[in-house]
Amino acid sequence: RICAALWLAPDGRIARARLLGDWIAASDDLEALESALVGADPTDVAALEALAARWLTLPGAIAIGVTDPRQIAQALRVSRE
């Protein structure tokens with residue numbers, strides 16, 4: 001299970017993201033994903049899925065317990081509700 005904490009900028013875009021949960025990722029890789037989320041529109045699920053998909057397929061990226069970019073996009077969406 002993935003959980004997300006989001007801090008939004010005044011324009012509604014992601015200013016800061018923190019991903020947590022029952023999965024494992026190398027800290028550098030996770031920080032890269034969280035940084036890549038900055039500036040993203042949290043209501044654009046397709047863009048969030050695409051961003052997560054790119055991260056999951058990076059050479060050398062380590063993520064155990066998450067294989068589907070929809071899991072990450074869903075956690076980001078749920079954190080806004």
Side-chain angles (χ1 to χ4, degrees):
R1 181 174 177 205
I2 300 172
C3 300
L6 293 181
W7 291 263
L8 300 180
D11 66 358
R13 294 190 173 273
I14 297 172
R16 181 175 173 221
R18 182 75 176 117
L19 296 167
L20 311 158
D22 297 331
W23 59 296
I24 298 169
S27 61
D28 290 348
D29 293 337
L30 182 55
E31 288 173 12
L33 174 57
E34 291 170 344
S35 292
L37 290 167
V38 172
D41 178 352
T43 64
D44 188 344
V45 176
L48 295 173
E49 284 182 20
L51 194 149
R54 282 191 301 273
W55 177 76
L56 286 168
T57 59
L58 285 174
I62 298 172
I64 299 170
V66 60
T67 56
D68 188 339
R70 290 177 294 187
Q71 293 172 284
I72 295 170
Q74 175 68 15
L76 294 165
R77 188 186 68 76
V78 168
S79 73
R80 293 191 65 247
E81 296 176 348

Residues which pass side-chain contact (heavy atoms from CB on, under 4.5 Å) with A40, listed by chain and number, not counting sequence neighbours: I14, L48
Looking at side-chain heavy atoms only, is the closest gap between [X] and [Y] below 4.5 Å?
X: Q74; Y: R77; answer: yes
X: L56; Y: T67; answer: no
X: L76; Y: L19; answer: yes

Closest non-hydrogen atom pair between [X] and [Y], with its separation:
X: A75; Y: A4; value: O-CB, 3.7 Å
X: A9; Y: A15; value: N-CB, 3.7 Å
X: P42; Y: G12; value: CD-O, 3.2 Å

Single-linkage hydrophobic cluster, 4.5 Å side-chain cutoff, L8 and I72 together: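 Yes, L8 and I72 fall within the same hydrophobic cluster.
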L58-V38 co-clustered via ILVMFWY side chain contacts under 4.5 Å: no
For I24, the rest of its hydrophobic cluster, which grows through side-chain links under 4.5 angstrom: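 For the cluster that includes I24, the remaining residues are I64.
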Residues that, via side-chain heavy atoms closer than 4.5 angstrom, fall in one hydrophobic cluster with V45: none
Residues that R70 engages under side-chain hydrogen bond (donor to acceptor under 3.5 Å, both in side chains), provided they are two or more places apart: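 Testing R70 for side-chain hydrogen bond (donor to acceptor under 3.5 Å, both in side chains), a comparison that skips the adjacent residues, returns D68.
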Partners passing side-chain hydrogen bond (donor to acceptor under 3.5 Å, both in side chains) against D44 (at least two apart in sequence or in another chain):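 Once residues adjacent in sequence are excluded, D44 has no partner under the side-chain hydrogen bond (donor to acceptor under 3.5 Å, both in side chains) criterion.
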Residue pairs, two or more places apart or on separate chains, that pass side-chain hydrogen bond (donor to acceptor under 3.5 Å, both in side chains) and touch residues 49-62: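 Every pair satisfying side-chain hydrogen bond (donor to acceptor under 3.5 Å, both in side chains) with a residue in residues 49-62: there are none.
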Residues that D29 engages under salt bridge (charged side-chain N to carboxylate O under 4.0 Å, His left out), provided they are two or more places apart: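 By the salt bridge (charged side-chain N to carboxylate O under 4.0 Å, His left out) rule, D29 matches no residue at all.
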Summary of salt bridge (Lys or Arg N to Asp or Glu O under 4.0 Å) pairs that have at least one residue in residues 3-26, sequence neighbours excluded: R18-E34
